[in-house]
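Here is the structure we will look at.
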Amino acid sequence: MEAYLSFNGNAAEALAFYAKSLGGKILFSMTFGESPMAKETPDTHKNKIMHATLEARGKQIMASDIPPGMPFDGYRGFSLSVQAKDVKEGEQLFKTLSEGGKITMPYAATFWSPGFGMLEDKFGVPWMVNVDQPQT
């Protein structure tokens with residue numbers, strides 16, 4: 001399974017932020033104006049993302065801007081989770097993803113992990129950064 005995120009007109013900015021933050025790259029991106037639906041798309045939406053795919057850390061996130069006329073209700077009931085190989089990498093991921101956003105649980109050691117934190121990024125998307133506990 002892969003995550004598919006809908007944005008309120010800022011999908012291109014969000015995907016560029018994630019590519020930079022997670023060391024990934026955008027594999028595909030098409031605007032509504034580049035699609036077969038271009039003629040039916042309002043001018044205000046032609047440059048919005050109809051579909052895009054980002055690959056980072058061996059995973060993919062797909063995304064789009066909400067279609068014209070559909071409401072944006074924000075993000076509830078889920079978090080994107082990124083695994084770090086060690087505490088230092090986890091700290092860096094947490095710092096980068098939380099830039100301009102809101103920390104909901106500071107990054108720290110927990111009983112299950114040497115490094116874990118929760119945040120909402122500057123686009124309102126909830127994230128968890130986790131370091132796997134070494135197996136003994």
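Note that the numbering runs from 1 along the sequence shown for the chain. Fair warning: this is a prediction, and the values are worked out from it, not measured in the lab.
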Side-chain donor/acceptor pairs under 3.5 Å, residues 108-118, sequence neighbours excluded:
{"unit_1": "T110", "atom_1": "OG1", "unit_2": "W112", "atom_2": "N", "d": "3.3"}
{"unit_1": "T110", "atom_1": "OG1", "unit_2": "S113", "atom_2": "N", "d": "3.0"}
{"unit_1": "T110", "atom_1": "OG1", "unit_2": "S113", "atom_2": "O", "d": "3.3"}
{"unit_1": "W112", "atom_1": "NE1", "unit_2": "N130", "atom_2": "OD1", "d": "3.2"}
{"unit_1": "S113", "atom_1": "OG", "unit_2": "G115", "atom_2": "N", "d": "3.0"}
{"unit_1": "S113", "atom_1": "OG", "unit_2": "G115", "atom_2": "O", "d": "2.7"}
{"unit_1": "S113", "atom_1": "OG", "unit_2": "N130", "atom_2": "OD1", "d": "3.4"}
{"unit_1": "S113", "atom_1": "OG", "unit_2": "V131", "atom_2": "N", "d": "3.4"}
{"unit_1": "S113", "atom_1": "OG", "unit_2": "V131", "atom_2": "O", "d": "2.5"}

Donor-acceptor contacts, no H, no angles, side chain residues 2-23, under 3.5 Å, sequence neighbours left out:
{"unit_1": "Y4", "atom_1": "OH", "unit_2": "H51", "atom_2": "ND1", "d": "2.8"}
{"unit_1": "Y18", "atom_1": "OH", "unit_2": "D121", "atom_2": "OD2", "d": "2.5"}
{"unit_1": "S21", "atom_1": "OG", "unit_2": "F17", "atom_2": "O", "d": "2.8"}

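- Contacts of K102 classified as side chain to side chain contact (heavy atoms under 4.5 Å, CB included), with partners at least two apart in sequence or in another chain: T104, E120.
- With sequence neighbours left out, the salt bridge (Lys or Arg N to Asp or Glu O under 4.0 Å) criterion links E55 to no other residue.
- When all heavy atoms of A38 and G33 are compared, the pair lying nearest together is CB-O, 3.1 Å.
- Every pair tested for side-chain hydrogen bond (donor to acceptor under 3.5 Å, both in side chains) that includes a residue from residues 60-80 fails, sequence neighbours excluded, so the list is empty.
- The cluster map of Ile, Leu, Val, Met, Phe, Trp and Tyr, joined by side-chain heavy atoms under 4.5 Å apart, puts M128 and L80 in different clusters.
- Heavy-atom minimum distance, S29 versus I49: OG-CD1, 3.2 Å.
- Counting only residues at least two apart or in different chains, ring-ring contact (aromatic ring centres under 6.0 Å, His included) contacts with residues 81-107 comprise F94-Y107.
- Counted within 6.0 Å of CG on N47, heavy atoms from surrounding residues, nucleotides or ligands total 12 or fewer; the atom is thus considered open.
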Start with the C-alpha distance between L54 and L27, add both sets of side-chain angles, then the distance that settles side chain to side chain contact (heavy atoms under 4.5 Å, CB included), and finish with yes or no.
CA-CA 6 Å; L54 166 80; L27 301 178; over 6 Å; no
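- Within 6.0 Å of atom NZ in K95, 12 or fewer heavy atoms from other residues, nucleotides or ligands are found, so the atom counts as exposed in its surroundings.
- When the side chain to side chain contact (heavy atoms under 4.5 Å, CB included) test is applied to D43, the partners found at least two apart in sequence or on another chain are K46.
- Neither M62 nor M30 shares a network with the other; the hydrophobic side chains, linked directly or stepwise wherever heavy atoms of I, L, V, M, F, W or Y lie under 4.5 Å apart, form separate groups for each.
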Under the side chain to side chain contact (heavy atoms under 4.5 Å, CB included) criterion, do R57 and Q83 qualify, and how do the steps go?
CA-CA 9 Å; R57 306 176 65 81; Q83 295 295 119; 5.6 Å; no
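- Under the rule for a side chain to side chain contact (heavy atoms under 4.5 Å, CB included), the partners of P106 that lie at least two apart in sequence or sit in another chain are I103.
- You'll find the side chain of L97 reaches within 4.5 Å of the side chain of L119, heavy atoms only.
- Contact annotation: the side chain of M37 approaches that of M50 to within less than 4.5 Å [non-hydrogen atoms, C-beta and beyond].
- Listed by chain and number, the residues in a side chain to side chain contact (heavy atoms under 4.5 Å, CB included) with K59 amount to none (sequence neighbours excluded).
- With sequence neighbours excluded, no residue forms a side-chain hydrogen bond (donor to acceptor under 3.5 Å, both in side chains) with E99.
- In this structure T31 satisfies the side-chain hydrogen bond (donor to acceptor under 3.5 Å, both in side chains) test together with E34, sequence neighbours excluded.
- Partners of Q92 by side-chain hydrogen bond (donor to acceptor under 3.5 Å, both in side chains), not counting sequence neighbours, listed by chain and number: T96.
- At a threshold of 4.5 Å between non-hydrogen side-chain atoms, the residues P126 and F78 count as touching.
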